[in-house]
J.: 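Take this structure, written in structure tokens, and hold onto it; I'll ask about it next.
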Amino acid sequence: MTETTGHPNRRDILKQIAIGTAATILPLPALAQAGNARVVVIGGGFAGATCARALKRLSPKLTVTLVETNPTFVACPFSNMVIVGLRPLTMQQFGYESLGRGGVEIRISPAASVNPETHVVTLADGSRLSYDRLVVAPGVDLRWDGLPGYTEDAAQIMPHAWKAGEQTTLLAKQLNAMPDGGLVVISAPANPFRCPPGPYERASLIAGYLKKNKPKSKLIILDAKDAFSKQKLFENAWKELYPGLIEWVPLSGGGKVTSVDPAGMTLVTEFSSYKAAVANVIPPQRAGLIAQIAGVSDRTGWCPIDPVTFESLLQPHIHVIGDAAIAGAMPKSAFAANAQAKVCAQAIVTLLAGDQPMPPKLINTCYSLVAPDYGITVAGVYHPVGGQLVDVADAGGISPLDASRLFREQEAKYADGWFKTITADVFG
Amino acid sequence: MVKTGLARHRSSNPRPLWERVVAKRPLSHKGRGKYLLQIASLLALLCVAHPAAAAEAPPGASACSGCHAMDAAVATPVPRLVGRKPAEIIAALAAFKSGQRPATVMDRIAKGFSDSEIRAIAEWYGAMEAP
């Protein structure tokens, strides 16, 4: 520093450059930490497993630990095909061996607690994992307090089948055992919930099963809302493929289920009650419990996030991705979870290096099967605007309403291709 | 190491990082001091191995692999983007965007990307080695 100006002169600056360059030979503490940093990911679904794998691929020096309750993942997309006996459950099952071979440390034990101050995750088996960044991707929990009469025991009689696995098999068995002429009732929740077109895809495929195997039967959807995803496409297809078989009762028509009685196989609405032969109750949902424990969920039960980094707005250094996150216009889908996970992984690597992540762009495509050879889609492109993920104007939307059957067949084939691709991307 | 760092920043922003850092600074005597200091710290940054070994995906690119398999072994009718000539990807997306090329869903998705975003995505996939 020269005394006359109080500002650095050229010689001082050159000296600084020299020192700076010399310093690069030695490890810089902050950057060395970036390379050897620890990231813990809680939840091994489409969001968490994608993120863990992407982190390790982007930055091989990172220590990445994936914490998951179950040794085998059971994918929800296409599980409606399992319910109607057109697909074995084994096609939905995936292990974590590939992730392990890729250098992700796999811990099969539920996460019991998170301390955001000390940056420590404690597992149910008592072990403790410290983190520089934590990714919370627990998916959804069913709200056992959300619908009177609908308890975990009730779900053994009136399955939700909204988490694939035993529940999927249970609903499949019930449908199979149902006598011809039975009434199938699906109760669909209000928004937001996992897989917005899911209940209607399920209704479609069950209708196809009934038409073929139990033609005197009927299906009623009791809905807690007045509109649903891809509605026109579904309704047109129902008229075409399953005339008179599916009845949709919207909220304004008294469709909201207010309580259930599993002993009597009854679903009660404001104006009426329905006795079902098979009752599929999809209850209200919220972010998985660990989100609440970590303090990243708000009063809605979901997790507010920064749309550039997916970092929690409630707890620094914790990121939330997938169904648990409030991702603006993005639906709670496997595709969205996978896309968010890759953006989040890049953001974490960038943040650990001391840089600022760029605003991302994300895509979602949700395939639904109205019949095994009849596919429809809704797609969207998203970007952050004013702290929210919003739809890019003029992009996205649903399949054309006037498309040919060949077009629908093609979308069904692409749906199958999508499942193979995304599961290979995450677990393959 | 230096090359990796530069390549990464170029791919993520058309302007080099040093230009973004200094562009808005006036080149007064006082400013020039800060300017050179920033270059010094930047040099230090670039000399250190960046944890991201691969070039950073441009906005939107990582989402494509939800449908377009990275792995050649996946049995899907959807074409792969890895190792494809960027010009082919750019032409396909332009045709999807304008509606010239029939599509099931790509017309709806292509409309969400600007020409420069499409170019960046195409170049990123094109630069990958097709296994």
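Values in this document were obtained by computation on a predicted structure and should not be read as measured data. Order of the sequence lines sets the chain letters (A, B, ...), proteins ahead of strands, with each chain counted from 1. Worth knowing before you read on, the calculation uses all heavy atoms, side chains too, and leaves out hydrogens, waters and symmetry mates.
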J.: Looking at side-chain heavy atoms only, is the closest gap between B/E56 and A/T350 below 4.5 Å?
T.: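 Yes, at least one pair of side-chain atoms sits under 4.5 Å.
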J.: Which one wins on heavy-atom pair count under 4.5 Å against chain B: A/P360, A/S399, A/A393, A/P400?
T.: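 Most heavy-atom pairs under 4.5 Å with chain B: A/S399.
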J.: With a 4.5 angstrom heavy-atom cut-off, could you sort out which part of A/N338 is near chain B: side chain, backbone, both or neither?
T.: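 A/N338 touches chain B through side-chain heavy atoms alone.
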J.: Hey, which of A/D416, A/I398, A/L362 has the most heavy atom pairs under 4.5 Å with chain B?
T.: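 When all of A/D416, A/I398, A/L362 are compared, A/I398 has the most.
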J.: Suppose we screen for salt bridge (Lys or Arg N to Asp or Glu O under 4.0 Å). Which residues come up paired with B/D107, at least two apart in sequence or across chains?
T.: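 B/D107 satisfies salt bridge (Lys or Arg N to Asp or Glu O under 4.0 Å) with no other residue.
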J.: Heavy-atom distances under 4.5 Å only: say whether A/V378 touches chain B with side chain, backbone, both or neither.
T.: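 For A/V378, backbone heavy atoms alone lie under 4.5 Å from chain B.
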J.: Counting a contact as any heavy-atom pair under 4.5 Å apart, which residues of residues 91-104 of chain B contact chain A?
T.: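 Residues of residues 91-104 of chain B touching chain A at under 4.5 Å: B/A103, B/T104.
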J.: Please determine whether side-chain hydrogen bond (donor to acceptor under 3.5 Å, both in side chains) holds for the pair A/K342 and B/S65, giving the CA-CA distance in whole Å, both sets of side-chain angles, and the decisive distance to 0.1 Å.
T.: CA-CA 10 Å; A/K342 291 179 219 173; B/S65 56; 2.5 Å; yes
J.: Looking at every heavy atom in both B/G66 and A/T421, which two are closest together, and how far apart are they?
T.: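 Taking B/G66 first and A/T421 second, the nearest heavy atoms are O-CG2, 3.7 Å.
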J.: Working to the nearest 0.5 angstrom, can you tell me the gap between A/R57 CZ and B/M70 CE?
T.: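 With rounding to 0.5 Å, CZ (A/R57) is 7.5 Å from CE (B/M70).
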J.: A/Y367 versus B/V105: any side-chain heavy-atom pair under 4.5 Å?
T.: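 A side-chain contact under 4.5 Å exists here.
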J.: Shorter than 4.5 Å, heavy atoms on both sides: which option in A/A339, A/G397, A/A403, A/A424 has the most such pairs with chain B?
T.: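 Heavy-atom pairs under 4.5 Å are most numerous for A/G397.
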J.: Please report the interatomic distance CD(A/Q340) to OG(B/S62), rounded to the nearest 0.5 Å.
T.: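 Rounded to the nearest 0.5 Å, the CD-OG separation comes to 11.0 Å.
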J.: Between A/F46, A/W418, A/F419, A/Y382, who has the most heavy-atom pairs with chain B when the cutoff is under 4.5 Å?
T.: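 Highest number of pairs under 4.5 Å: A/W418.
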J.: If every non-hydrogen atom of B/G60 is compared with every non-hydrogen atom of A/I363, which pair is closest and at what distance?
T.: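 Looking at all heavy atoms of both residues, the closest pair is O-CD1, 4.2 Å.
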J.: Let's test your reading of the structure: which of A/T377, A/D394, A/V343 forms the most heavy-atom pairs below 4.5 Å with chain B?
T.: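 Ranked by contacts with chain B, first place is A/T377.
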J.: Can you say whether A/T365 sits under 4.5 Å from chain B via the side chain, the backbone, both, or neither, judging by heavy atoms?
T.: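 A/T365 touches chain B through side-chain heavy atoms alone.
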J.: Search all heavy atoms of A/F335 against all heavy atoms of B/A63 and return the closest pair with its distance.
T.: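 For A/F335 versus B/A63, the nearest heavy atoms are CZ-O, 3.6 Å.
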J.: Under a 3.5 Å distance rule, please check whether B/R108 uses its side chain to pair with a backbone N or O of A/A395 as donor and acceptor.
T.: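 No.
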